[in-house]
Every structure is written in C-alpha cells, then in structure tokens.
Undergrad: 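Attaching a single structure in structure tokens format; questions to follow.
All residue numbers refer to positions in the sequence shown, counting from 1.
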Amino acid sequence: LYTYTPEGAFYIMVDISKTGMESEKFCIDLLKHKKVAVSPGDTFGEVSSKFIRIAFCTDTDTLVRGTTLLCEYVNDVAASRA
C-alpha cells in the first residue's frame, strides 16, 4: 500500500492510467456511476491527462466515503477490461 501526505495544499493528483481512460471521461463516468466529483487532470495540461485531482476540503467521513466509491469504480473499470 502506497500512501502520500500532501504538504502545503489540500489537493492530490491520482494516477488513473491503469484504467485506460482519459481523465475527463473518467471524471464524468465516476460522477454518473458513483456520484463522486473529482477534477480531470488534463485541465492542467497534456502531461496530466492520466490523472485526476481530488480536493481534501471536506470532512473525513466524506473523504473516506468518496475514496471508497472511487476505488469501487476503478475496480469496476478494471473488471470490465479483463
């Protein structure tokens, strides 16, 4: 398990390249299927097209619930690609 504690900001960029999706489509589908909103990384340029940005500006319970749903969605995408 890899963990990272951001220093000085309340955002984190998450690599979604293993899903095979561009970040904008990933974000739209995540919102549609799991009701979780994140920002597409390609907003910050081509180099970030395989990343999403998560904001940590809410309470811990909401972050845990959103992260759980995000992980479920990634697993769903991985299963559909297999």
Side-chain angles (χ1 to χ4, degrees):
L1 176 68
Y2 177 79
T3 60
Y4 173 76
T5 303
E7 296 178 20
F10 53 89
Y11 301 100
I12 189 168
M13 299 294 279
V14 177
D15 183 348
I16 59 159
S17 60
K18 290 186 179 183
T19 67
M21 300 171 74
E22 295 294 323
S23 63
E24 185 174 346
K25 178 171 178 23
F26 182 95
C27 292
I28 291 168
D29 287 356
L30 177 64
L31 183 60
K32 179 180 174 184
H33 295 289
K34 297 292 184 176
K35 308 294 187 246
V36 174
V38 296
S39 300
D42 57 7
T43 302
F44 303 97
E46 181 63 30
V47 70
S48 301
S49 67
K50 297 293 184 179
F51 289 82
I52 58 170
R53 187 173 89 155
I54 298 174
F56 288 96
C57 54
T58 190
D59 62 275
T60 302
D61 290 340
T62 300
L63 288 171
V64 169
R65 188 171 63 250
T67 302
T68 300
L69 291 168
L70 170 64
C71 291
E72 286 177 9
Y73 180 69
V74 169
N75 288 334
D76 293 347
V77 170
S80 71
R81 291 177 47 116

Undergrad: Please state whether the rings of Tyr73 and Phe26 are parallel, tilted or perpendicular, taking 30° and 60° as the class boundaries.
TA: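 Geometry flag for Phe26 against Tyr73: perpendicular rings.
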Undergrad: Please tell me whether Met13 and Ile52 are part of a single hydrophobic cluster in this structure, the criterion being side-chain heavy atoms less than 4.5 Å apart.
TA: no
Undergrad: Check whether any side-chain heavy atom of Val38 lies under 4.5 Å from a side-chain heavy atom of Leu70, and answer yes or no.
TA: no
Undergrad: Are Leu31 and Leu63 joined in one hydrophobic group, where the rule is that I, L, V, M, F, W and Y side chains link up if heavy atoms are under 4.5 Å apart?
TA: no
Undergrad: Can you tell me how far CZ of Phe56 sits from OG1 of Thr67, rounded to the nearest 0.5 angstrom?
TA: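 One gets 6.5 Å once the value is rounded to the nearest 0.5 Å.
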Undergrad: When rounded to the nearest 0.5 angstrom, what distance separates CZ in Phe51 from OG1 in Thr43?
TA: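 It comes to 14.0 Å.
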Undergrad: Does anything in residues 25-37 pair up under salt bridge (charged side-chain N to carboxylate O under 4.0 Å, His left out), and if so which pairs, sequence neighbours excluded?
TA: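 Qualifying pairs, neighbours excluded: Lys25-Asp29, Lys34-Glu72, Lys34-Asp76.
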Undergrad: Is Ile28 reachable from Val74 through a run of I, L, V, M, F, W or Y residues, each pair having side-chain heavy atoms under 4.5 Å apart?
TA: no
Undergrad: Which residues pass the side-chain contact (heavy atoms from CB on, under 4.5 Å) test with Ser49, not counting sequence neighbours?
TA: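 Ser49 satisfies side-chain contact (heavy atoms from CB on, under 4.5 Å) with Glu22, Asp42, Glu46 once adjacent residues are dropped.
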Undergrad: Given the rule that I, L, V, M, F, W and Y join up when any side-chain heavy atoms are under 4.5 Å apart, are Val14 and Phe10 in one cluster?
TA: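 Yes; Phe10 is reachable from Val14 via cluster members.
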Undergrad: Rounded to the nearest 0.5 Å, what separates atom CZ in Arg53 from atom OG in Ser48?
TA: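 With rounding to 0.5 Å, CZ (Arg53) is 10.5 Å from OG (Ser48).
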Undergrad: Search all heavy atoms of Ser39 against all heavy atoms of Cys27 and return the closest pair with its distance.
TA: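 Of all heavy-atom pairs spanning Ser39 and Cys27, the closest is C-SG, 3.5 Å.
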Undergrad: Taking all heavy atoms of Asp15 and all of Lys50, pick out the closest pair and write down the distance.
TA: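 Nearest heavy atoms, Asp15 then Lys50: OD1-O, 3.4 Å.
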Undergrad: Is it the case that one hydrophobic cluster holds both Phe44 and Ile16, taking links as side-chain heavy atoms less than 4.5 Å apart, direct or via other members?
TA: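 They do not share one cluster, since no chain of ILVMFWY contacts under 4.5 Å joins Phe44 to Ile16.
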